[in-house]
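Letters A, B, ... are given to chains in the order of the sequence lines, protein chains preceding strands, and every chain is numbered from 1.
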2 protein chains.
Amino acid sequence: MPENPDGIGAAFAPHDHSHCSSRALNDATERLATEGGRLTPVRRRTLEILLESHRAMGAYEVLDRLAAEGFGRQPPVAYRALEFLVQHGLAHRLQRLNAFAACLHPGADHQPAFLICSECDRIAEVPSGPMRDALGDVASGAGFVVDRVTVEAVGTCAICAEARA
Amino acid sequence: MPENPDGIGAAFAPHDHSHCSSRALNDATERLATEGGRLTPVRRRTLEILLESHRAMGAYEVLDRLAAEGFGRQPPVAYRALEFLVQHGLAHRLQRLNAFAACLHPGADHQPAFLICSECDRIAEVPSGPMRDALGDVASGAGFVVDRVTVEAVGTCAICAEARA
DNA sequence: AGACGACTGTAACACTATAACAGAACGGAG
DNA sequence: CTCCGTTCTGTTATAGTGTTACAGTCGTCT
């Protein structure tokens, strides 16, 4: 697998993480400037914490970090910041894990599918368009109108497969 | 939409529910006979409770029912019965809802996609084969080997759409 | 300065899930 | 039938996840 810093499944290939993380932060700032959201200190710090790894973090894990840095130490502090990020497309919530992960491609209006490595807990986003189309077809056969779709796959990433071989 | 008791999205069409529920119960009994699982009283009752509606139920909702009927009243009672049903393909767990729903097509070895009506909370299972194939393609592009996939769509079912019109 | 809205923090609580252990029920070997 | 190992049921206690309600703070606009 070649280096491919910004592409599909980038999280599962070696890459310059400080680059992808600072880029996401810049994208976020721009995006909010046009949309009107305020990236306050807690919110910004929450995003940075999520961006430090390609993992999903539980709200309480984020909260511990925030509290250690002088922010509030009650659950709503983390939940509110995370909710803000999710609403503005800067982070995603992973249902299978009760956890949150930074969005690596903010700006693209998207609703990605997630690949979750069960060995190293890393997360990757991949486009879900084809799947949403396929689901829309079956759903409309049942008279169901789809609003939001969650697609989350658990499996083994390239790095862990390699390590095991 | 015609009557189509056992087909795709059956939950969203009028149908003879006592039929589809008793059939699922029979399927379950047969399936366990060949597989070696024991459908004990708590487990059987748990399945019946799930089958009473085409909704997903929280573990504690199930637990209340069980307790009222003389079974244990502590969480593990419900969680163990539900886990057993899920492991044997007789029920599904819905990540978006932290809840469980009876499987209406046991026997078919499947991993369906779910349609969840946000107005009436009814659930339907639809085949997820096409979606899993599509996801497998993108995933392998990232060197990721998919094990299990969760596909859950939130939207509006035929019955509620009709009622609103 | 005053007023308003948005943001941050706290306490208290509700819901979801698991660990650890004791006794009861079942099934096979003798 | 009895003994024994296994599986199942139930309990207490505790961990983890998420929300409600309310008070104070900060920015901004007149």
Side-chain angles (χ1 to χ4, degrees), chain A residues 28-29 32-33 35-50 55-88 90-101 116 121 150 152, chain B residues 28-29 32-33 35-50 55-88 90-101 116 121 150 152:
Chain A
T29 313
L32 288 177
E35 272 192 22
R38 283 172 53 198
L39 194 60
T40 62
V42 220
R43 291 169 178 175
R44 183 188 178 87
R45 193 65 197 116
T46 301
L47 180 54
E48 287 170 357
I49 289 170
L50 289 183
R55 291 187 316 111
M57 298 178 72
Y60 281 71
E61 196 181 347
V62 172
L63 179 58
D64 285 346
R65 297 282 307 272
L66 291 173
E69 299 178 17
F71 295 100
R73 52 183 60 260
Q74 303 304 323
V77 170
Y79 280 103
R80 282 192 293 231
L82 290 166
E83 185 191 20
F84 172 88
L85 296 175
V86 169
Q87 277 180 347
H88 288 80
L90 305 175
H92 300 286
R93 172 177 224 131
L94 286 123
Q95 307 287 346
R96 283 200 78 106
L97 305 175
N98 291 330
F100 301 82
I116 305 170
D121 287 334
T150 299
E152 295 175 5
Chain B
T29 313
L32 288 177
E35 269 192 23
R38 284 170 52 198
L39 194 60
T40 62
V42 221
R43 292 170 177 173
R44 182 188 179 87
R45 194 66 197 114
T46 301
L47 180 54
E48 287 171 355
I49 289 169
L50 289 182
R55 293 180 25 249
M57 297 179 71
Y60 281 70
E61 197 180 346
V62 172
L63 180 57
D64 285 346
R65 298 282 307 272
L66 291 173
E69 299 178 17
F71 295 100
R73 51 183 60 259
Q74 302 306 321
V77 170
Y79 279 103
R80 283 192 293 233
L82 291 166
E83 185 191 19
F84 172 89
L85 296 174
V86 169
Q87 277 181 347
H88 288 81
L90 305 174
H92 299 287
R93 171 178 224 127
L94 288 124
Q95 307 286 348
R96 284 199 79 106
L97 306 174
N98 290 330
F100 301 82
I116 305 169
D121 287 334
T150 300
E152 295 175 4

Between P on dT17(D) and CD on E61(A), what's the gap in Å once rounded to a whole number? 9 Å

Given dA6(C), dT10(C), dT11(D), identify the nucleotide with an atom nearest to the side chain of P76(B). dT11(D)

Between L82(B) (CG) and dC8(D) (P), how many Å, whole number? 15 Å

R43(A) and its side chain to side chain contact (heavy atoms under 4.5 Å, CB included) partner, picked from E48(A), H88(A), R38(A), R80(A): R38(A)

Would you state whether a donor and an acceptor, one from the side chain of Y60(B) and one from the base of dA17(C), lie under 3.5 Å apart? yes

Below the 4.0 Å mark, does dA17(C) have OP1 or OP2 next to a side-chain nitrogen or oxygen of N98(B)? yes

Would T150(B) and Q95(A) count as a side chain to side chain contact (heavy atoms under 4.5 Å, CB included) here? Give the steps. CA-CA 9 Å; T150(B) 300; Q95(A) 307 287 346; over 6 Å; no

Without decimals, in angstroms, what is the distance between Y79(B) OH and dT14(D) C1'? 14 Å

Does the side chain of R38(A) get closer than 4.0 angstrom to OP1 or OP2 of dG27(D) through an N or O atom? no

In this structure, CG of L66(B) is separated from CD of Q74(B) (nearest 0.5 Å) by 12.5 Å

In sequence, state the C-alpha distance, the side-chain angles, and the governing distance for L32(A) and F84(A), and then conclude on side chain to side chain contact (heavy atoms under 4.5 Å, CB included). CA-CA 11 Å; L32(A) 288 177; F84(A) 172 88; 4.1 Å; yes

What is the distance, rounded to the nearest whole Å, between atom CD of E83(A) and atom P of dA6(C)? 14 Å

Map R93(A) and R73(B) onto DNA chain D by nearest heavy atom, then report which one ends up closer to the 5' terminus. R73(B)

Over how many whole Å does the gap from R96(B) atom CZ to dT17(D) atom P extend? 18 Å

Side chain of V42(B) (C-beta onward), nearest among dT12(D), dG10(D), dT17(D): dG10(D)

Atom-pair distance (CG on L39(B); C1' on dA25(C)), nearest Å: 16 Å

Of all the choices, dT16(C), dG18(D), dT10(C), which nucleotide is nearest to the side chain of P75(A) once you look at every atom? dG18(D)

Out of dT7(D), dG9(C), dT16(C), minimum distance to the side chain of R80(A) belongs to dG9(C)

Rounded off to whole Å, could you give me the CZ-to-C1' distance for the F84(A) and dT8(C) pair? 14 Å

If you compare every side-chain N and O of Q74(A) against the phosphate oxygens of dA11(C) (OP1, OP2), does one of them come in below 4.0 Å? yes

Output the rounded distance in Å from CE (M57(B)) to P (dA17(C)). 14 Å

For the student: nearest non-hydrogen atoms of L63(B) and G72(B), plus distance: CD1-O, 3.7 Å

